[in-house]
Structure formats: structure tokens, C-alpha cells
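Comments concern the structure below.
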Amino acid sequence: MESTVMKSDTATAEAVDAPHRYTSALAADIERRWQQRWAEDGTFEAANPVGALAGSTPADGRPKRFIMDMFPYPSGTGLHVGHPLGYIATDVYARYSRASGHNVLYTLGFDAFGLPAEQYAVQTGTHPRITTEANIASIRTQLGRLGLSHDPRRSVETIDPAFYRWTQWIFLQIFNSWYDPDADAARPIDELVGRFERGEKDTPEGVGPWAELSAVERAEVLSGYRLAYADDAPVNWAPGLGTVLSNEEVTADGRSERGNFPVFRANLRQWKMRITSYAQRLLSDLDRLDWPEAIKIQQRNWIGRSEGARVEFPVEGPDGEAGEHTVTVFTTRQDTLFGATYMVLAPEHPLVDAIVPAQWPEHAASAWIGDAATPREAVDAYRRATQTKSDMERQAADAKEKTGVFTGAYAVNPADGRRVPVFIADYVLMGYGTGAIMAVPAHDSRDFAFARKYGLPMQVVVEPPAESGLGTDPADWEQAFDSYDATIVNSDDSSEGGVSLNGLTVTEAKRRMAEWLESTGRGAATVNYRLRDWLFSRQRYWGEPFPIVYDEDGVAHALPDSMLPVELPEIDDYSPRTFDPDDRDSVPETPLSRNEEWVEVTLDLGDGPKRYRRETNTMPNWAGSCWYELRYVDPDNEKALVDPENERYWMGPSDGTDARTGDPGGVDLYVGGSEHAVLHLLYARFWHKVLFDLGHISSDEPFRKLFNQGMIQGFVYRDERGFPVPAAEVEEIDDAYYYQGEKVSRELGKIGKSLKNVVPPELVYDEYGADTLRLYEMAMGPLEVSRPWDTRAVVGSFRFLQRLWRNIVDESTGAVTVVDEPADEVTLRVLHKAIDGVRRDFEGLRFNTAVAKAIEVNNHLTKAARPVPREVAEQLVQLVAPLAPHVAEELWTRLGHTTSLAYEGFPVADPALVADETVTCVVQVKGKVRDRLEVSPSISEDELRDLALASEGVQRALDGAGVRKVIVRAPKLVNIVPA
RNA sequence: GCCGGAAUGGUGGAAUCGGUAGACACGCGACCCUCAAAAGGUUGUGUCCGAAAGGGCGUGCGGGUUCGAGUCCCGCUUCCGGCACCA
């Protein structure tokens, strides 16, 4: 109701006495016309060096800029005013870049495969392709009204077979590669085969010579090297979703990020990407990226490099004979090896079965063995108990209580030969390090807790400093002493070949121990990463099919290029098979497997037609977003995912640098939310590096510069019960908020349906126009900061445009009122200062201050310089054009120009006019401002000092007191220190 | 618990190099236009004392460095994000 009243106000109220005022109706008209004209003229099409989009522009010597947003995922709910923030920012930057002489690649595609689209389709009972395409169309409409200067020819959709053909192609590149440690790069798998054939490389331990292996065995060996491979391993299985998930998609409390279902560990054969091979490069190359430090830190933490050592512990076999088996542990504290008083293996550790003896050792403490009659029984019972726990239960707060059981076996501490008991416990994770640890309870909080609970001995080897008051008997301690800043004690093996660490610092001891381990063959210094391989298959319909078929022996074969794309078959039953969310024994079923005639195929893969079964998993929805920036560059190329020349032009490292060591290349500006810090941004870097290694592209990183925009938040109003009430219907009376007469509370939250505070962009378009929305979103604060949406405040941006309009166009006649007379000097100084500042603000993505500077110029004209001189009006319009392009184009036209100002050039400040003719010198006494002087910028220190001392304010403040010291920073400041 | 980031008027924010705190905008007050309202215009607006001139105080809290600190250093508080049995 209220909005219709307001609408008429901004749209038509002035129809009688000001028919040519900038109203929402006029804005809508201008915006429609200019959007149409830009489209007809192809104003924002950017030329490539070669291929279908080639044009003369790249050769004309302009520098290029590749500007990108994280592309949207088309949900069914439509956009709200928070969504366009990043798009507006990149558009302003793109328009500024074009005006200031760049060839700009700027477009927007859609990421449309994946769970949410499929869930929406299942809910509505409509095929996901239909719903997804409808959603994309409606978002295109909503965004279209913003007037974003995209090159529409480059917009891609990940669900388009012409696009995912290349997603599949890249998968095959990865599948057909291995990581060659000598080259420190991915290489074609054929090179590895060649090395095996020529005997230059040995097959892995336990496998016979290459020449003697069967085809199946060879395939299995290669699978151990391929960068994309399928294997049986514990994965995250979410029965409620009916699919497995990557580690990145599981929250800290063991639930699916999507849908919040319990996630269980299940052993399933799944596709994975060997991203761990790239751990070090993904880590070190962060240093060469212009990214927010916070994101880099998150990636560093996720990769989780830690330096330590592998240490081998001989384990006594069931017959008590030492050395039959060896358990390797990873530790970052090899300096505390003498303090290792027991060992723990993960319950799933493969050596557990081999080391469990038939009987309990005689002296085994009852606390260690529970009431199990034999070690076998105890181990089996414990394994069952831990496996039936979901990850969530394992990690719930009260489950942090350590549990475990003695295996009955003993190992030998390699440092001093002491026998130490071997436990299994679920606080040791199979997926990290070697799945086994040496436990040093005195100096590790987890081992300390476990040892306390089971009465295991503690040995101090790092001496707490005297001032800590801890003493050297851990029995008195409340927690482990895990400092690095102390001295090693009790660590001396005087026997032949033994090592002594006593008296060393922790860092020295780590080095000494690593050397000793290496020299005696008991271990070695090593680097371990937290990063795990990326689980890449999903039991879903709505995703890219794998270009993989299996032969009768179950060997996976890559399909040849000629058979791509493997199109997703149109089927009726696309629903995933989901289960009771808590049914951990359920097994995933892929929708594609129900479609026998698609699955069973006869193909000729080079050795005659044969029967094959297609892979029925699909790719996760990260796949398309891993490389879409490359397709923007060359969207229509049918011969390659991107022509090397086009890629080099838009993304290659800057001249003369090696992408592996210097500038890594990549997109010049990538804007998006920080929620993708480790998922999309890590996966995309990984794929990009593989493609780089294989020589398909010249850039080593996809995104040279990354910028995280903040979130636009909304006020959430809650009633007494805490339920959100519709924000649009809340009234404010005397700083309190009421909904239907009831008092409600206000807080800040996300904008969304569930919080009932969605503001659709149409509301602002209709009320004020798209230019106002753009301007408001840019003006409301720094791009990287989250801030609350305030519908009431939008009018401020509208008023600015209205005043700008009024300074150029007569509201009653529509005549242009500018005069062809030179501007006065004050006005010129105001203008040129703004030009200088706005340029710098745009370059630095500080749009909020750029807006303020443009407003200042306009305010000056309003107050002091009407009628406005043409040169000032034109440059102000150009200044505003990136922010409010429609109204700027309109004014530009009315000022007599016939071409779009998109490429008109951006005003350049005259340095003489940027520098002030006089500056205000602040005169302080004891740091407090007591007077101001208007002085020349070139005034000498002495002259300024004299002027300041003589000034009225200073005399008053000094009140006869003497002067001890005078600090002069000509011409801006004088500070007088009284005696 | 660990790792980040933030805190400035009634509100969003500005101050880019240690040098005028509060640009710009919202809101609010006064006035003009109007039968009236809306829209628009002019103008004021950190806070306290004061008629004014002018002065006191002021950037989450407590210290410090400095002629001078929103900005640098040390110690806290609160809020927001991320990670979390990672050996």
C-alpha cells in the first residue's frame, strides 16, 4: 500500500509543473532505451585476437582487462537486492576500464548443474533442465534491468552439452595424467607407461615387473598414479541426500552442508582427483597471488602443511618376535621420541589385524582390556563401536572423551629400545598422516588425556621452565606441557649408535633427531599435508556424465575425443534414491544406472566393437566452475577448450615472466563471496595447474587478483516468540518497531525468504530506477564490508541523480541549460580534484568514496556555479557514467553527442588544478587546533612559523606562556609546544 | 581451544603516508513552496558549557611511544567469520 503512494510521488507528481524532471518514469524510459541500443550496437562486445570473436581491437594497442564475477547458480527463488552487489561493482570497474582505454572481457555465465537445481526439480515434479533453464531466464531478466555491460556472446551455461563436452575433455586430460615428481608437474600417463616398459621405473612394491603384468593388473597400477582415479576408500555418505560428498562439503559437526543430513563413513568405490599431488604448489603459489590475506590463510590452513618426521616402530608379532611388522608414524615432534610411552593406531589401520596376538599378555592392566577375553575380541568390539558412530557423534562435544583399547601387541621405541604398548583409538584418524601415532602424553594434550584415562606412563622430555612451576613430575600436572620454547631432557641413549638430545632446544632437537633417524634407517624428515584427495563422483542425475566406460574385466576406459560429449540422457526417473537419513548401512544408487539402454553400449575403442558399461556416477557441481573462465575467453571454439592465442592474450603472464615463477597470469579481477575460499577456489586452481602442466594454457593460476565483496544484510524483525515477521510491514515508532500493533525486536541478518526480509530489486527499479539502485549499492560502504540494506536511504542516491539532471536539463522545458563559457577557477579545481580522486578510487575499487566525490562536484555546481559550463557538465557526466550509465548516456546525448560514451575516454585531471592554490594550515598548540591559516602551498617553513606564532588563536592559547618548540610541516601544519 | 577480521555521531560510513576526526549519504530540526500533504528547495545537525566569542570532552576499554595517535606498540572486552582429536 505504502509503496504505491511513494511510487506515484517519484514517478508523476511533478508532471504538471516539472514535466522534464528526472523521475522514476523517466529513468525507466531512459534505461529501457539505452539497454536496447547497447544490445543492438553490440557496444560491449570484446574482440579476440583469433577465431570466431576476432576483431581489430586487440591489435590496436589498447591494454586488456579480464574482469569476472563468480557466476550465479540459478535458484528458483529469484534475486534480492543483495545479489547484484558484486555484479554492479565489476560493471562499474569494467565501464571505467573501457572508458580509460582498455579492451575489456566482461560477461556472465551460469553454473547450473548440481544438487539444489535437482532438488528444486524433484520438489516441483519438473525435469531439472526445464526448471533450471526457466530460472536462468528469469535471472537474466532481473539482471538485465541493471544494465550490466556484459558481452552476451560469451555467456556460457555449464549444462550446455557444448560446454560440458569440454568439462569431460578436461576430466580425460586429468585421467590420462600422472604427477611426475622429477618434473614437478603433471605429465601424460603414456610417459609413465613408457618408463615402465623400458624398465626406467619400477612398479610399486608388491607388484611384479611391468612386462609380466596382465592388462587388468597394469590398469590397476596406473590407477595408482592417475590424477583422476577410482578406488575403494572411506567416503562421506549422506543417506538422506542419497549421495557421497567431498570433505569440503561436510560441516564440522559431521553433516552435509547442503540439507544438513547426517554423514557417515562408508567404504565405497568412488572417483577421486589427486589434488594432494599439487599440495605444495597450491600452497606456495598463493604467495604470487593478489588475493585477500584472509582467503590465503584459509587455503593454507586447509592444505595444512606440517613439517615433521616419519618414524618406524618395529612391532612384536603374535609370537613376541620383534620386527616382524613395522608401523610408521608421522610426528611433528620427533624431538620428543624419548617421551613416547605408547602407540596408537587408527581403528581402521590395515596392520591392526596382523599384530593382534591370540592372548592377552600376562600383565595387561584391566583398564586397557575391558572385559574382553582376547585381544581379537576387544579390537573387534571397539571397531564395531566406532564404526556405528556417525562422524557427528564422534565429534560431539561430550564425545571428545577419549576411548580406545589395547591391542595386546607391543612395539619398540626406536630411540631407546623400550617396549611400548600399542592401542587403537578413534582419536587417531586413518586419513591423516600414516594413521598411526607415537603417543607422548607429557607433551601432547590428546595423548595426555588418553594416558590419564588408561593409566599409561608419562615421561617428561621437554623441561618446563622453572617459572612455570610445573616441576618434572607429570603426575601433578593438569595438562600436557607442549611448549616449543624449552629445553630437551631425559633424552639420551648412551649405547653404541645412540642419540642424545639433552640440552638442545626443541628446534635443534627436531633437526638432530631427524638426522639420526635418517642415518639409522629408522625414519626420515618429511612433510605432511592435511589436504586429502578430492572425492569427485556423485550419485546424482543432474551433473556431467563421466566420459568413462568399463570393459568386461571392470577396467575403466577413457572415451576418445570423438565420442564427446557424453550427453546426459533424458530420463523420467531422475530422482535420487534417498534413504532414511540415519540409515548408515544403505548403499548409494545412481539414477543413471536405472537406464539400461544408455548404460550398456557397444563401442569401438580401437580394438573392434565391444560391449561396455558406462560409468553412471556424475560429476559434482564444482566441475563446471573449475574452468569456466577459460571458456569465456573462447566460447564458440569447437576445436579446443580455448585457443592458445586467445588464452595468452586475456590470461597469460605479463610480458617476459615465467608463469611458474613470475606473474602466474589469470583473470585480472575476480569478484565473489568469501564462502568459496576453499572449495571452488582451490579446485579451480588445481584444474588450471593441470592444464598448464599439460601445455594447454599459458597461465599457471586462474585468478590473478581476487576480491571478496561483503554481504548486504537485512534487518530481521522477530515477535515475542522469536519468529521473524514480514519486514516490509514493520512500522517504526519512536525508535521502537511494531508489527500489527505488537512490539517486535530488530536484529541484523542475511536477506532471505526464511527471515521474511527479502527486498526484490524490482521494488527499487520501479521506485527509482536501476541507476539509483546501482549508485546506492556502490555508495553504501566499501565493497568488501557487509552492511545493512536500508530501503529508506535509497532516496539519497535518487536525489543526487535528480540534481545532476537538474544541473543540465531544465525541468519545465526540457532544454539543456549548460553554457558555452569557461568555468571559473574554483569550479575547475573542484572538478579536477574529483577527477583525480575518482580515477584513483575506481582503480582501487573504492566505489563508495568515488560516489561521494562525484556528489561533491554536483553539490558545488548546484550552489555556486549555475548555469553550468559545458566542459564541467560533460566531464561530470563522464565521471558518473560507470556508476549510473543509463542517465549518463542520456545526458551525454542531450549535450549533443551522437555516439555512446562507453569508449569516449575518461576525464584526465590537470595536475595544476588538482593542487590547491591555497591550503589551510592547521595551527596547533600542544596538539590541539587553535587556529587556521590560508597560505600558499609553497610557503617556506620560516615564514609559516612566524605567521603561526603571530596568529590570534595561538596568542590566546599561549596566554603569555613561552614557546619551547615549534614543529613545522609546511604547508599543512604547525604545532607549537609551550614552555 | 586455534587462526583471521572488526569496533568512529541517532544510522551507513569518510579520514589512502602518524598531522584539521566525522567527507558523502540517511535520519532528525527549522524555514520556503502548498488549501494541505507528498515531492522538491534552502539551512542547521558529534557532545557538553556558553547569549555569543570561545572553551571542555570525544574514534570499544586500560596503558605506552610521539611535538602530535582513529592510525603505531603492549594488555584486555565485545562482535563477526573460518578451522577444530590433523599427531
Side-chain angles (χ1 to χ4, degrees), chain A residues 5-6 8-14 17-18 21 23 252-253 292-298 300-302 304 306 308 329-333 344 394-395 399-400 402 425-429 431-440 444-447 449-450 528-532 674-675 677-678 732 735 748 775-776 779-782 784-790 792-797 799-800 802-803 806 811 837 840-841 844 846 848-856 859 862-863 920-929 932 953 956-957 964-967 969 972-978:
Chain A
V5 173
M6 287 172 65
S8 66
D9 298 338
T10 53
T12 60
E14 296 303 317
D17 47 329
R21 174 169 288 181
T23 59
D253 54 352
E293 206 48 42
I295 298 287
K296 290 189 185 182
I297 287 166
Q298 281 184 54
R300 285 190 193 110
N301 291 344
W302 191 262
S306 43
V329 305
F330 172 73
T331 179
T332 57
R333 292 299 301 269
V344 186
R394 255 167 98 155
Q395 293 179 4
K400 294 255 167 170
K402 305 265 180 303
D426 66 359
Y427 81 91
V428 174
L429 311 173
Y432 184 79
T434 60
I437 62 154
M438 60 179 221
V440 186
D444 179 281
S445 59
R446 296 149 304 186
D447 298 341
F450 190 82
N528 193 57
Y529 299 91
R530 202 188 81 119
L531 185 71
R532 324 265 165 100
S674 57
E675 67 272 20
V678 286
E732 183 180 351
D735 294 330
L748 211 50
L775 203 58
Y776 173 67
M780 62 198 290
E784 67 273 22
V785 171
S786 293
R787 58 319 255 294
W789 175 266
D790 183 4
R792 280 190 314 182
V794 181
V795 70
S797 299
R799 283 181 192 149
F800 163 57
Q802 211 168 47
R803 284 176 198 149
R806 194 182 292 132
E811 287 189 338
R840 273 186 288 191
D841 285 346
R846 293 181 298 269
N848 54 328
T849 49
V851 172
K853 287 174 178 115
I855 292 175
E856 279 179 287
N859 287 351
T862 305
K863 279 178 196 151
T920 307
C921 176
V922 175
V923 185
Q924 301 176 333
V925 176
K926 256 168 65 181
K928 292 202 192 316
V929 182
R932 292 180 171 84
R956 185 168 50 228
R964 182 151 62 110
K965 192 176 177 186
V966 181
I967 293 109
R969 292 283 175 275
K972 297 275 286 182
L973 180 125
V974 177
N975 190 10
I976 296 160
V977 188

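Numbered from 1 within each chain, the chains take letters A, B, ... in sequence-line order.
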Subject >> Which residues share a side-chain hydrogen bond (donor to acceptor under 3.5 Å, both in side chains) with Ser786(A), sequence neighbours left out >> reply: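 By the side-chain hydrogen bond (donor to acceptor under 3.5 Å, both in side chains) rule, Ser786(A) matches no residue at all.
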Subject >> Non-neighbouring partners of Ser445(A) that pass side-chain hydrogen bond (donor to acceptor under 3.5 Å, both in side chains), sequence neighbours left out >> reply: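 side-chain hydrogen bond (donor to acceptor under 3.5 Å, both in side chains) check on Ser445(A) returns nothing, list empty.
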Mind calculating the distance between [atom1] ([X]) and [atom2] ([N]) to the nearest angstrom?
{"X": "Arg532(A)", "N": "A87(B)", "atom1": "CZ", "atom2": "C1'", "result": "12 Å"}
{"X": "Glu675(A)", "N": "G82(B)", "atom1": "CD", "atom2": "P", "result": "10 Å"}
{"X": "Ile437(A)", "N": "C85(B)", "atom1": "CD1", "atom2": "P", "result": "14 Å"}
{"X": "Lys863(A)", "N": "U43(B)", "atom1": "NZ", "atom2": "C1'", "result": "9 Å"}
{"X": "Ile297(A)", "N": "G5(B)", "atom1": "CD1", "atom2": "P", "result": "6 Å"}

Original post:
Parallel, tilted or perpendicular for Tyr427(A) and Phe450(A), by the 30°/60° rule?
Top reply: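 Rings of Tyr427(A) and Phe450(A): tilted, 30 to 60°.
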Rounding to the closest angstrom, what is the interatomic distance between [N] and [M] at atom [atom1]?
{"N": "C2(B)", "M": "C85(B)", "atom1": "C1'", "value": "13 Å"}
{"N": "G70(B)", "M": "A21(B)", "atom1": "C1'", "value": "8 Å"}
{"N": "U59(B)", "M": "G63(B)", "atom1": "P", "value": "13 Å"}

Original post:
Quick one: salt bridge (charged side-chain N to carboxylate O under 4.0 Å, His left out) partners of Arg932(A), sequence neighbours excluded?
Top reply: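 So Arg932(A) forms no salt bridge (charged side-chain N to carboxylate O under 4.0 Å, His left out) with any residue.
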Original post:
Residues in salt bridge (charged side-chain N to carboxylate O under 4.0 Å, His left out) with Arg799(A), at least two apart?
Top reply: none
Original post:
For Lys296(A), does the NZ atom sit with more than 12 other heavy atoms under 6.0 Å from it, leaving out its own atoms?
Top reply: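 Counting neighbours around NZ of Lys296(A), more than 12 heavy atoms of other residues, nucleotides or ligands fall under 6.0 Å, so yes.
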Original post:
What string of B, S and - do you get for nucleotides 46-52 of chain B, 5' to 3', when a contact is any protein heavy atom under 4.0 Å?
Top reply: -------
**OP:** Any chance you could list the contact pattern along nucleotides 8-24 of chain B? Use B for base contacts, S for sugar-phosphate-only contacts and - for none, protein heavy atoms under 4.0 Å, 5' to 3'.
**Re:** ----SSS-B--BBS-BS
Original post:
Counting side-chain heavy atoms from CB outward, which of C26(B), G55(B), A39(B) is closest to Arg799(A)?
Top reply: C26(B)
**OP:** State whether the distance check finds a donor on one side and an acceptor on the other, under 3.5 Å, for side chain Lys926(A) versus base C67(B).
**Re:**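 Absent.
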Subject >> Which residues share a side-chain contact (heavy atoms from CB on, under 4.5 Å) with Ala677(A), sequence neighbours left out >> reply: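 Partners of Ala677(A) under the side-chain contact (heavy atoms from CB on, under 4.5 Å) test: Ile295(A), Gln298(A).
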**OP:** Check side-chain contact (heavy atoms from CB on, under 4.5 Å) between Glu784(A) and all other residues, then give those that pass, not counting sequence neighbours.
**Re:** Phe707(A), Pro782(A)
**OP:** For Arg792(A) and for Asn301(A), find the nucleotide of RNA chain B with the closest heavy atom, then tell me which residue's nucleotide is more 5'.
**Re:** Asn301(A)
Original post:
Toward the 5' end of RNA chain B, which comes first, Glu293(A) or Asp447(A), by nearest nucleotide?
Top reply: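 In this pair, the answer is Glu293(A).
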Original post:
Going by a 90° cut-off around 0, is C32(B) syn or anti?
Top reply: anti
**OP:** For G9(B), decide between syn and anti, treating a glycosidic angle within 90° of 0 as syn.
**Re:**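 Glycosidic conformation of G9(B): syn.
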Original post:
Which residues satisfy the ring pair (Phe, Tyr, Trp, His ring centres under 6.0 Å) test with Phe330(A), sequence neighbours excluded?
Top reply: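 Phe330(A) satisfies ring pair (Phe, Tyr, Trp, His ring centres under 6.0 Å) with no other residue.
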Subject >> Identity of whatever pairs with C79(B) - Watson-Crick or G-U, under 3.5 angstrom >> reply: G5(B)
